[in-house]
Amino acid sequence: MNDKLLICAKITRKYILGDKDFFIQSFPNLPKKDLEQTWHLGFNAIRHSEVIKNVQQINIFQSKIIGDEISKFSNNKYKIHGYLFSRFDPSILDLEEEILERRLRHELAKIYFQLLRVEIVQENASTPHDDLKQKRASFSFFPLIYFAGFLLLLFSQNIINGFTSAEKLAQKYYERSSYEVRIGAICQDGWKSSATGRGACSHHGGVQNWKYKKIYRRSLTDCKEEALKKSWID
C-alpha cells in the first residue's frame with residue numbers, strides 16, 4: 001500500500017478535510033478498490049478524540065499571524081507532518097491561542113494533503129490509464145480558460161475600484177483595516193468582568209456575552225489618500 005496515500009487518508013480524517021467521496025475523487029487515476037481500502041485503514045487509525053475541528057471565522061489580524069506562521073514551514077512536508085501529528089491540548093491554551101492553533105493546523109493540513117497528492121499523481125503517471133487521460137488533456141482548452149479567468153480575477157478589482165467613489169472606497173479600506181479585540185465579558189448575573197479567556201465569570205454563572213473593541217490599523221486620512229489614487233470618478 002502507498003504510505004503517502006495512507007497519510008492523506010489520516011490527514012483527511014484527523015482534520016475533517018472531507019469524507020470518503022472527497023478522498024476517492026482526489027485520486028481519479030488510482031483504482032477505487034485500493035482507495036476504499038486505504039480510506040478504511042486511515043479512518044480507523046485516527047480515534048474520534050484525535051479529530052481536530054477548524055474554527056469558522058478569524059479576523060484580519062489573526063489571518064496575518066497564521067500566514068506568517070505558515071511561511072516558516074516553507075512547504076517542508078517533513079516539518080509539516082511532524083507538526084500536524086504532534087499533540088494538541090486546548091486545555092493549556094487560552095481562547096485566542098486555541099483559535100490560532102486550530103486554524104493554523106487546518107491550513108497546514110490542506111497544504112500537506114496537496115503536496116502528497118501531487119507526488120502520488122506523479123508517481124502513478126506512467127500507468128496506461130493515466131497516459132490515456134494525459135493525451136486527452138493535451139487537447140483540452142482548460143489551460144486557456146484558466147489563464148483567461150486568472151487575468152479577469154487579477155484586474156477585476158482594479159476596475160471595480162475605479163468606478164467606486166473615493167469616499168466609499170476610503171470607507172471600505174478603513175473598515176478592512178479593522179479587527180476586533182476581546183476586552184471583557186458580561187456575566188450571567190450582570191457582573192462586568194475584564195477577563196478575556198477561560199475562567200471568565202466563573203463565580204458569576206458563566207459568560208452571557210463577550211465585549212469587543214474595534215481596532216483600526218490604518219487612519220481614515222491614509223485610506224482617503226489611497227482611494228483618491230484608485231478611484232476614477234472622484
Side-chain angles (χ1 to χ4, degrees), residues 15-18 52-75 90 93-111 113-114 142-201 204 206-234:
Y15 290 96
I16 324 177
L17 300 184
I52 300 176
K53 296 181 179 179
N54 196 3
V55 292
Q56 293 185 348
Q57 293 182 342
I58 58 174
N59 58 46
I60 296 176
F61 180 69
Q62 292 169 328
S63 180
K64 183 179 184 304
I65 293 176
I66 291 171
D68 292 341
E69 289 298 316
I70 289 175
S71 65
K72 295 178 182 179
F73 287 85
S74 304
N75 280 354
L93 305 173
D94 61 32
L95 183 61
E96 179 74 10
E97 291 172 336
E98 181 180 348
I99 289 173
L100 293 173
E101 180 70 10
R102 286 183 182 276
R103 178 53 66 91
L104 173 60
R105 283 175 174 267
H106 272 262
E107 292 302 320
L108 287 173
K110 290 187 286 187
I111 292 172
F113 183 90
Q114 290 302 323
F142 283 135
L144 293 177
I145 295 174
Y146 289 151
F147 182 68
F150 171 76
L151 291 178
L152 180 61
L153 181 64
L154 184 64
F155 294 106
S156 61
Q157 191 58 54
N158 291 336
I159 296 173
I160 294 172
N161 289 341
F163 286 102
T164 303
S165 68
E167 182 179 354
K168 290 183 178 179
L169 201 57
Q171 191 62 38
K172 183 174 72 171
Y173 291 154
Y174 187 56
E175 289 301 324
R176 281 184 178 178
S177 74
S178 69
Y179 61 94
E180 291 185 337
V181 175
R182 184 179 291 175
I183 60 173
I186 303 296
C187 303
Q188 294 290 350
D189 61 359
W191 178 266
K192 295 180 180 180
S193 171
S194 60
T196 59
R198 294 175 181 271
C201 298
H204 298 275
V207 175
Q208 184 181 70
N209 290 304
W210 291 108
K211 295 168 61 179
Y212 294 90
K213 179 181 179 181
K214 184 174 286 190
I215 305 295
Y216 292 89
R217 293 185 289 114
R218 302 179 62 184
S219 68
L220 186 56
T221 301
D222 180 44
C223 294
K224 287 180 178 179
E225 291 178 355
E226 182 180 353
L228 287 171
K229 295 177 182 178
K230 295 186 177 181
S231 176
W232 300 337
I233 59 177
D234 280 340

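All values derive from a computational prediction rather than experimental measurement.
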Give the intermediate values and the outcome of side chain to side chain contact (heavy atoms under 4.5 Å, CB included) for residues Q62 and N59. CA-CA 5 Å; Q62 292 169 328; N59 58 46; 3.2 Å; yes

Where do Q171 and E167 land on the side-chain hydrogen bond (donor to acceptor under 3.5 Å, both in side chains) test, with the steps shown first? CA-CA 6 Å; Q171 191 62 38; E167 182 179 354; over 6 Å; no

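- Summarising the geometry, atom OG belonging to S219 is positioned 7.5 Å from atom CD belonging to E225; distances are rounded to the nearest 0.5 Å.
- Under 4.0 Å is where a charged nitrogen must lie from a carboxylate oxygen, and between K229 and E226 no such pair does.
- The aromatic rings of Y15 and H106 sit perpendicular to each other, their planes meeting at more than 60°, with 30° as the lower class boundary.
- I65 contributes atom CD1, which lies 12.0 Å from atom CD1 of I70 (distance to the nearest 0.5 angstrom).
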Intermediate values then yes/no, side chain to side chain contact (heavy atoms under 4.5 Å, CB included), I60 and R217: CA-CA 10 Å; I60 296 176; R217 293 185 289 114; 3.2 Å; yes

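- Considering all non-hydrogen atoms of both residues, A185 and V207 come closest at CB-CG1, 4.1 Å.
- Between P90 and R102 there is a side-chain heavy-atom pair separated by less than 4.5 Å.
- At a threshold of 4.5 Å between non-hydrogen side-chain atoms, the residues N75 and I111 count as touching.
- A salt bridge does not link D68 with K72: every distance from a Lys NZ or Arg NE/NH1/NH2 to an Asp or Glu carboxylate oxygen is 4.0 Å or more.
- Nearest approach of I215 to V181, heavy atoms of both residues: CG1-CG2, 3.8 Å.
- Here the CD1 atom belonging to I183 is positioned 10.0 Å from the OG1 atom belonging to T196, to the nearest 0.5 angstrom.
- Residue K211 places its NZ atom among more than 12 non-hydrogen atoms of other residues, nucleotides or ligands, all under 6.0 Å distant.
- Minimum interatomic distance between W210 and G184 (heavy atoms only, all atoms of both residues): CE3-O, 3.4 Å.
- Considering every non-hydrogen atom in both C187 and S193, the closest pair reads SG-CB, 4.1 Å.
- For Y212, the ring pair (Phe, Tyr, Trp, His ring centres under 6.0 Å) test picks out no residue, with sequence neighbours left out.
- E97 and D94 get closest at one heavy-atom pair: N-OD1, 2.8 Å.
- A 4.5 Å side-chain heavy-atom check between I58 and I99 finds at least one atom pair inside the cut-off.
- The heavy-atom pair separating A170 from A227 by the smallest distance is N-CB, 3.6 Å.
- If you take OG on S177 and NZ on K214, they are separated by 9.5 Å, rounding to the nearest 0.5 Å.
- Here the CG-SG distance, from L169 to C223, works out to 9.5 Å after rounding to the nearest 0.5 Å.
- Note that the CG atom of L104 and the CZ atom of F73 stand 6.0 Å from one another [nearest 0.5 Å].
- Checking each of R198, R105, R103 against E98 for a salt bridge (charged side-chain N to carboxylate O under 4.0 Å, His left out) leaves exactly one that passes, namely R198.
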